[in-house]
There are 2 protein chains.
Amino acid sequence: MDDFDLGALIKDHRKKAGLTQLELADLAGVGKTTVFDIEKKKKTVRLNNLFAVLRVLNIKVEFKSPLNK
Amino acid sequence: MDDFDLGALIKDHRKKAGLTQLELADLAGVGKTTVFDIEKKKKTVRLNNLFAVLRVLNIKVEFKSPLNK
DNA sequence: ACTTTTTTACTGTTATAACAGTAAAATAAT
DNA sequence: ATTATTTTACTGTTATAACAGTAAAAAAGT
């Protein structure tokens, strides 16, 4: 669940969108270091910053449990 | 995507697991304030802390995009 | 090969998340 | 209704994420 390489997913989508780290950072309203950290799988980033990046790249988040499945 | 009430989901699962905020916090290895903040939809929590809580509650995270769908 | 762009990596500073402690509401239990 | 438990809310302190700046390494373009 947690070992999933979210950084690679984001990098891949960023590339396909033709964006540099800096451009993505600007669009998401975060610093370039934050985008770099996220792609490098840093786990201590703030949720709102990650979500801001995901929003730009049109990546949606879903939460699944044995209950609400 | 972002307006989803994750706090309510977590609170619901915690209740169904018969855990108090403090117990969940201890199990997840975070402070009680963090669990409180997460349930109150605070968006600036750290990713690793949120994931630690989700792990205890058996809630999985999925990332979906128009590409990898 | 050279130039330009991008990424990686490190810095010092600033803002703030995380935390334990406390106490007052709110809720549940007897 | 009392008591006990849990949740909410507020503190001050500490740890660290975020940030811009810089520069070197890597990649892409000419």
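Because the structure is predicted, anything quoted here is derived from the model rather than measured.
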*Write down the distance between CD (B:E39) and C1' (C:dT27), rounded to a whole number of angstrom.*
15 Å
*Provide, to the nearest angstrom, the distance between the NZ atom belonging to B:K41 and the C1' atom belonging to D:dT8.*
17 Å
_From C:dA9, D:dA9, D:dA17, nucleotide with atom closest to A:K40 side chain_ = C:dA9
*Please state how far atom NZ in A:K11 lies from atom P in C:dT6, giving the value in whole angstrom units.*
14 Å
*Would you mind reading off the distance between A:L19 atom CG and C:dT5 atom C1', rounded to a whole angstrom?*
15 Å
*Rounded to whole angstroms, how far apart are CZ on B:R46 and P on C:dA18?*
5 Å
*Among C:dT8, C:dA18, D:dA18, the nucleotide that comes nearest once only the side chain of A:V45 is considered*: D:dA18
*Group every Ile, Leu, Val, Met, Phe, Trp and Tyr by side-chain heavy-atom contacts under 4.5 Å, then state whether A:I38 and A:F36 land in the same group.*
no
*Please assess A:H13 against B:S65 for the test side-chain contact (heavy atoms from CB on, under 4.5 Å), listing each intermediate value before the final yes or no.*
CA-CA 9 Å; A:H13 278 70; B:S65 78; 2.7 Å; yes
_So if I take the C1' atoms of five pairs at each end of the helix from C:dA1-D:dT30 to C:dT30-D:dA1 and get each local axis, what angle do the two axes make, rounded to 10 degrees?_
70°
*Of the candidate nucleotides C:dT8, D:dT7, D:dA18, which contains the atom at the shortest distance from the side chain of B:R14?*
D:dT7
_Interatomic distance, B:L47 CG vs C:dA18 C1' [rounded to whole Å]_ = 15 Å
*Spell out protein contact along nucleotides 19-30 of chain D as letters: B when the base is contacted, S when just the sugar-phosphate is, - when no protein heavy atom is under 4.0 Å; keep the 5' to 3' order.*
BBBB--------
*asked:* Any heavy-atom pair between the side chains of B:I59 and B:V53 that's under 4.5 Å?
replied: no
*Looking at residues at least two apart in the chain, or sitting in another chain, which of them share a side chain to side chain contact (heavy atoms under 4.5 Å, CB included) with B:K16?*
A:L67, B:D12
*Could you state the atom-to-atom distance from NZ of A:K43 to C1' of D:dA17 in whole Å?*
16 Å
Show which side-chain atoms of residues 18-27 of chain B pair as donor or acceptor with protein atoms under 3.5 Å away, not counting sequence neighbours.
| residue | atom | partner | partner atom | Å |
| --- | --- | --- | --- | --- |
| B:T20 | OG1 | B:L22 | N | 3.4 |
| B:T20 | OG1 | B:E23 | N | 3.1 |
| B:Q21 | NE2 | B:E39 | OE1 | 3.1 |
| B:E23 | OE1 | B:T20 | N | 2.9 |

*Take B:F63 and A:I10 through the test side-chain contact (heavy atoms from CB on, under 4.5 Å) and record every step on the way to the result.*
CA-CA 10 Å; B:F63 301 95; A:I10 288 174; over 6 Å; no
*Output all residues satisfying side chain to side chain contact (heavy atoms under 4.5 Å, CB included) with B:T44, sequence neighbours left out; order by chain, then residue number.*
A:R46, A:N48, B:K42
*Residue that, paired with B:V30, satisfies side chain to side chain contact (heavy atoms under 4.5 Å, CB included) out of B:V56, B:N49, B:L50*: B:N49
_Residue pair B:F4, B:L9: steps toward the side-chain contact (heavy atoms from CB on, under 4.5 Å) verdict_ = CA-CA 9 Å; B:F4 171 69; B:L9 178 72; 4.2 Å; yes
*Could you state the CG-P distance from A:N48 to D:dA18, rounded to the nearest angstrom?*
8 Å
